[in-house]
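By convention here, the first residue in the shown sequence is residue 1.
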Amino acid sequence: MKRINPKQAYSFYIINTHTMYLAPEAYTKIREQVLEILHEKYPGQFIVGEPWDYIALFPAKHEKVGYLKLYQDIEFITYVVQYVNHGHLNCPEDETPDYTANYMKWEVVELLEDLLNDNMLFGVDRGLTFSMGIPRCPPENWEDYMEPGVDYFVWSGPIPNLAEEKGKDTAVFRKRLEE
């Protein structure tokens with residue numbers, strides 16, 4: 001049996017274990033369908049987690065980006081890209097466990113397709129005041145989302161800040177912070 005790493009957030013363990021017992025059918029179906037599609041589309045590329053811990057871990061492709069971990073709650077999946085960002089994949093409310101599991105399975109596939117093909121742009125403010133992930137963002141669109149003072153990454157590693165290189169300032173991230 002796997003032991004909890006002392007560095008792991010204890011509160012997440014309590015919350016996740018609690019949700020397993022609140023809605024075991026939904027919890028189990030989501031986990032099973034997500035793992036089934038991961039084994040089908042990404043064989044040998046990830047580590048399966050324990051039900052009370054995480055669904056899957058994709059080892060880091062680059063040390064400055066870190067690993068990808070998929071965690072599960074009843075109604076959403078949280079993804080964590082270790083050093084750059086995290087986000088949530090949500091399902092429409094009040095659906096059956098079967099619908100929810102199928103929906104979440106394809107949300108995970110869409111995320112992974114973007115991420116693993118470097119079509120998800122991450123930005124981390126050098127002052128560490130914010131980070132942001134932009135899905136469905138192929139390389140030809142990166143410049144539209146860049147601004148000075150931000151380090152940018154994709155799954156395969158850091159990328160140049162085109163805004164700084166070209167003296168362009170879109171203020172995309174700062175504008176979002178003000179909203």
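- In this structure, Lys166 NZ and Met146 CE are separated by 10.0 Å, a value rounded to the nearest 0.5 Å.
- Take Tyr67 and apply the side-chain contact (heavy atoms from CB on, under 4.5 Å) test, not counting sequence neighbours, and it matches Leu57, Lys69, Gln82.
- Closest of all the heavy-atom pairs between Pro135 and Gly133 is CD-O, 3.6 Å.
- For residues 80-91, the set of pairs meeting the salt bridge (Lys or Arg N to Asp or Glu O under 4.0 Å) definition, not counting sequence neighbours, is empty.
- When the side-chain hydrogen bond (donor to acceptor under 3.5 Å, both in side chains) test is applied to Asp151, the partners found at least two apart in sequence or on another chain are Arg126.
- Taking CG from Asn161 and OH from Tyr152, the interatomic distance works out to 5.5 Å, rounded to the nearest 0.5 Å.
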List the atom pairs, with distances to 0.1 Å, where a side-chain N or O of residues 30-38 and a protein N or O form a donor-acceptor pair under 3.5 Å, not counting sequence neighbours.
unit_1	atom_1	unit_2	atom_2	d
Arg31	NH1	Tyr54	O	3.3
Arg31	NH2	Gly49	O	2.3
Gln33	OE1	Asn102	N	3.4

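- Sorted by first then second residue, the salt bridge (Lys or Arg N to Asp or Glu O under 4.0 Å) pairs that include residues 38-49, not counting sequence neighbours, number zero.
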Could you pull out every donor-acceptor pair under 3.5 Å between side chains of residues 109-124 and any protein atom, sequence neighbours left out?
unit_1	atom_1	unit_2	atom_2	d
Glu110	OE2	Arg136	NH1	2.7
Glu113	OE2	Tyr42	OH	2.6
Asp114	OD2	Arg136	N	3.0
Asn117	ND2	Glu113	O	2.8
Asp118	OD1	Trp155	N	3.2
Asp118	OD1	Ser156	N	3.0
Asp118	OD1	Ser156	OG	3.4
Asp118	OD2	Ser156	OG	2.5

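- Looking at residues two or more places apart in sequence or on another chain, you find no side-chain hydrogen bond (donor to acceptor under 3.5 Å, both in side chains) involving Gln45.
- With sequence neighbours excluded, the residues satisfying side-chain contact (heavy atoms from CB on, under 4.5 Å) with His88 are Phe76, Thr78, His86, Asn90.
- Side-chain contact between Trp142 and Val154: present, with at least one pair of heavy atoms (C-beta onward) separated by less than 4.5 Å.
- Of the possible polar contacts, one joining the Ser131 side chain to the Val84 backbone as a donor-acceptor pair under 3.5 Å is found.
- Among residues two or more places apart in sequence or in another chain, the salt bridge (Lys or Arg N to Asp or Glu O under 4.0 Å) test is passed with Asp125 by none.
- Judged as a ring pair (Phe, Tyr, Trp, His ring centres under 6.0 Å), and not counting sequence neighbours, Tyr79 has no contacts.
- Here Asn85 contributes atom CG and Leu68 contributes atom CG; the two are 11.0 Å apart, rounded to the nearest 0.5 Å.
- When every heavy atom of Val48 is checked against every heavy atom of His39, the shortest pair comes out as CG2-NE2, 3.9 Å.
- Residues His62 and Pro158 approach most closely at CE1-CD, 3.4 Å, considering heavy atoms.
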